[in-house]
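Written below as structure tokens is the structure these notes are about.
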Amino acid sequence: MNITKEQIDDLNAVVKVAITKEDYQDKVESILNDYRKQANIPGFRKGHVPMGMIKKQYGKAVLVDEVNKLLQDNLNKYLTEEKLDVLGNPLPKQQDNFDWDNDQLDFEFELGLAPSFEVPLKTKKALTQYKIVADDKMINEQVERIQKQYGKLVSQNEIAKDYEVIGTFKNEEEEIENKTTLELDKVKSKTALKALIGKKVGDEVVLATKGLFKEDYLLSSVLGVSQEKAKDLDIEVAFTIEEINEREAAALDQELFDKLFGKDAIKSEEELKARIKEDSEKQFEQQSDQKLLNDVTEYFIENIKFDLPSEFLTKWIKTTGEQPLSDDQASEEYEKSEKGLRYQLIEGKIIKDNDIQIQFDELKEFAKGFIKTQMAQFGQLDPQEEELDNIAARVLGNQDEVKRLSEQLMSQKLLTLYKEKVNLKTKEVTYENFVKEVYG
């Protein structure tokens with residue numbers, strides 16, 4: 001067997017593979033002999049079928065199968081040994097009048113090669129690293145929410161501002177009948193609030209669904225319909241009042257502090273607010289980090305220029321999917337995937353240049369940290385190390401989970417690198433302003 005490479009340009013090459021009978025004949029003969037031993041053909045005893053008949057019936061199929069195996073194994077070995085960084089997979093070139101009976105079988109494969117480029121981490125432009133702070137307004141609102149959540153309900157005779165009303169929504173035409181709690185502080189419509197204020201148990205109020213709530217997702221919940229149905233719902237619903245309550249705020253005392261954080265962990269309103277600020281800003285840090293990661297990614301894609309073997313990749317997309325694509329469909333798919341491919345190459349270059357690796361032990365510790373966070377959400381604040389090890393072992397036994405956690409850990413390592421190397425400017429903002437600035 002002989003394998004040679006013809007370089008077309010920096011991004012394209014053709015590999016030529018010449019296979020002779022000596023490369024496959026012994027293996028083909030061995031397989032045909034096995035077929036002969038097992039063949040059951042009328043008129044012949046088992047194991048005594050003439051080899052000529054076996055070759056006529058099975059010879060071409062066995063030859064093709066063995067040659068294809070040789071091609072795949074040796075082509076992959078060649079690409080590895082020659083350290084060729086290919087995009088997609090080698091594409092076999094179509095050959096007219098190919099004859100499997102020739103003494104030498106010649107094959108050609110098109111290659112799309114990865115471009116050569118550099119990634120300077122010290123960006124020319126200073127990218128913004130947001131430091132999101134919890135301001136007094138946010139902290140006070142959180143304290144109020146806690147007081148409301150842990151407060152007690154006091155029955156009332158008629159509806160007033162910010163009361164909670166239990167009742168049933170009905171609309172026969174839309175087949176809506178759902179008992180729910182309507183919190184007036186979440187109602188946006190002034191018309192609806194005006195209609196509700198002053199009403200008593202047993203009264204029925206007709207409300208318009210469009211613009212009823214401050215948050216759109218609440219409509220599906222109170223009506224008992226899907227989010228999809230609620231999204232464009234513009235009807236009137238009858239709301240029958242069954243119970244009226246005022247939620248009396250919980251006192252900011254030691255009993256509440258202990259209930260929230262454990263005995264004597266917090267001893268005053270000032271300590272409570274400090275804890276809320278600390279916890280909130282830890283959560284904000286995750287959003288700030290994700291924003292930074294996205295911005296660095298976008299910067300690299302826009303500013304690191306290199307060519308791709310676009311013609312080869314379009315052809316590869318056209319021929320290797322589950323269904324063959326037209327030229328236009330393949331071009332459209334390539335355009336959709338080009339940006340992602342560019343960042344895969346950039347990220348791979350950064351990982352290689354900076355020798356970023358993921359060891360199993362650190363992946364295991366990362367998994368345990370993830371598990372510990374999840375357990376804390378269900379009140380298990382101090383799990384045993386042995387328990388964490390056992391759960392982590394089960395998680396890492398799933399290849400999909402290994403892939404997911406590895407990607408998350410790699411993103412974390414890249415983020416640490418970017419914070420060290422990328423040209424950054426810190427901007428301190430409140431969460432409200434962060435949302436406005438980032439998401440409009």
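Worth saying up front: this structure is predicted, and the values here are computed from it rather than measured.
The side chain to side chain contact (heavy atoms under 4.5 Å, CB included) test applied to Phe98 returns Gln95, Trp100, Leu105, Phe107, not counting sequence neighbours. Residues satisfying the side-chain hydrogen bond (donor to acceptor under 3.5 Å, both in side chains) test with Lys214, not counting sequence neighbours, are none. Residues that satisfy the side chain to side chain contact (heavy atoms under 4.5 Å, CB included) test with Ala238, not counting sequence neighbours, are Glu204. Residues passing the side chain to side chain contact (heavy atoms under 4.5 Å, CB included) test with Asp101 are Lys60, Asp99, sequence neighbours excluded. Applying the side chain to side chain contact (heavy atoms under 4.5 Å, CB included) test to Gln25 and every residue at least two apart in sequence or in another chain returns Lys21, Glu29. Residues that satisfy the side-chain hydrogen bond (donor to acceptor under 3.5 Å, both in side chains) test with Lys122, not counting sequence neighbours, are absent from this structure. Contacts of Glu338 classified as side-chain hydrogen bond (donor to acceptor under 3.5 Å, both in side chains), with partners at least two apart in sequence or in another chain: Arg342.
Using a 3.5 Å distance cut-off with no hydrogens or angles, the side chains of Asn33 and Ser30 do not pair a donor with an acceptor. In this structure, a donor-acceptor pair under 3.5 Å is absent between the side chains of Gln287 and Asp289. Side-chain atoms of Gln357 and Asp355 include a donor-acceptor pair closer than 3.5 Å. Side-chain polar atoms of Asn294 and Gln290 form a donor-acceptor pair below 3.5 angstrom. A donor-acceptor contact under 3.5 angstrom links the side chains of Glu22 and Thr20, judged on distance only.
Checked for salt-bridge contact, Asp389 and Lys368 meet the test: a charged N lies under 4.0 Å from a carboxylate O. Note on Lys148 versus Glu183: salt bridge recorded, some NZ/NE/NH1/NH2 to OD/OE distance being below 4.0 Å. Salt-bridge formation is not detected for the pair Asp73/Lys69: no Lys NZ or Arg NE/NH1/NH2 atom is positioned less than 4.0 Å from an Asp or Glu carboxylate oxygen. Between Lys315 and Glu311, no side-chain nitrogen of the basic residue sits less than 4.0 Å from a carboxylate oxygen of the acidic one, so the salt-bridge criterion is not met. By the 4.0 Å N-to-carboxylate-O rule, Glu215 lies too far from Lys186 to be salt-bridged with it. Salt-bridge formation is detected for the pair Asp327/Lys318: a Lys NZ or Arg NE/NH1/NH2 atom is positioned less than 4.0 Å from an Asp or Glu carboxylate oxygen. For Asp279 and Arg275, the salt-bridge test passes: some basic side-chain N is under 4.0 Å from an acidic carboxylate O. With respect to the salt-bridge test (charged N to carboxylate O, under 4.0 angstrom), the residues Arg404 and Glu407 do not qualify.
Of the possible polar contacts, one joining the Gln7 side chain to the Asp9 backbone as a donor-acceptor pair under 3.5 Å is found. A donor-acceptor pair is defined here as one N or O able to donate and one able to accept, closer than 3.5 Å; no such pair exists between the side chain of Glu335 and the backbone of Glu332. Side-chain atoms of Asn354 come within 3.5 Å of backbone N or O of Ile350 as a donor-acceptor pair. Looking only at distances, a side-chain donor or acceptor of Lys277 sits under 3.5 Å from a matching main-chain atom of Ala134. Looking at Ser326, its side chain does come within 3.5 Å of a backbone N or O of Gln329 through a donor-acceptor pair. A donor-acceptor pair is defined here as one N or O able to donate and one able to accept, closer than 3.5 Å; such a pair exists between the side chain of Asn390 and the backbone of Glu386.
Of all heavy-atom pairs between Ser221 and Asn178, the closest is O-ND2, 3.5 Å. Minimum heavy-atom separation, Pro383 to Lys372: CG-CG, 4.1 Å. When all heavy atoms of Asn12 and Pro309 are compared, the pair lying nearest together is OD1-CB, 3.9 Å. For the pair Val225 and Ala230, the tightest heavy-atom approach, listed with the atom from each and the gap, is CG2-CB, 4.0 Å. The two residues Leu70 and Asp23 have their closest heavy-atom pair at CD1-O, 3.6 Å. Closest approach of Ala265 to Glu271, counting heavy atoms only: O-OE1, 4.1 Å.
Listed by first and then second residue, the side-chain hydrogen bond (donor to acceptor under 3.5 Å, both in side chains) pairs that reach into residues 125-135 are Tyr130-Glu437, sequence neighbours excluded. Pairs of residues two or more places apart, or lying in two chains, that qualify as salt bridge (Lys or Arg N to Asp or Glu O under 4.0 Å) and include a residue from residues 292-304 are Lys291-Asp295, Glu298-Lys339. Under the ring pair (Phe, Tyr, Trp, His ring centres under 6.0 Å) criterion, the residue pairs touching residues 277-328 are Phe117-Phe306, Phe284-Tyr431, Phe300-Tyr418, with sequence neighbours excluded. The stretch residues 210-231 participates, sequence neighbours left out, in no ring pair (Phe, Tyr, Trp, His ring centres under 6.0 Å) pair at all.
Rounding to the nearest 0.5 Å gives a distance of 8.5 Å between CG of Leu272 and CD of Gln147. With rounding to the nearest 0.5 Å, the separation of CG in Asp26 from CD in Glu66 is 11.5 Å. Taken to the nearest 0.5 Å, the OG atom of Ser280 stands 7.0 Å off from the CD1 atom of Ile139. In this structure, Tyr78 OH and Asn74 CG are separated by 12.0 Å, a value rounded to the nearest 0.5 Å. Here CE of Met410 is found 13.0 Å from CG of Leu415. Values are rounded to the nearest 0.5 Å. Distance check, rounded to the nearest 0.5 Å: CG of Leu233 to OG of Ser220 gives 10.5 Å.
Heavy atoms of other residues, nucleotides or ligands lying less than 6.0 angstrom from NZ of Lys419 number more than 12. Within 6.0 Å of CD in Gln384 there are 12 or fewer heavy atoms belonging to other residues, nucleotides or ligands. Dense packing is recorded around NZ of Lys413, with more than 12 heavy atoms of other residues, nucleotides or ligands lying under 6.0 Å away. Heavy atoms of other residues, nucleotides or ligands lying less than 6.0 angstrom from CD of Gln72 number 12 at most.
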message = Checking Lys16 against Glu6 for the salt bridge (charged side-chain N to carboxylate O under 4.0 Å, His left out) test, could you report, in this order, the C-alpha distance in whole Å, the side-chain angles of both residues, the deciding distance, and whether it holds?
response = CA-CA 8 Å; Lys16 299 179 179 181; Glu6 178 187 345; 3.5 Å; yes

Side-chain atoms of residues 164-176: list all donor-acceptor pairs with protein atoms under 3.5 Å, sequence neighbours left out, distances to 0.1 Å.
residue	atom	partner	partner atom	Å
Glu164	OE1	Arg247	NH2	3.3
Glu164	OE2	Arg247	NE	2.7
Thr168	OG1	Glu242	OE2	2.5
Asn171	OD1	Glu173	N	3.2
Asn171	OD1	Glu174	N	2.9
Asn171	ND2	Glu236	O	2.7
Glu174	OE1	Lys229	NZ	3.4

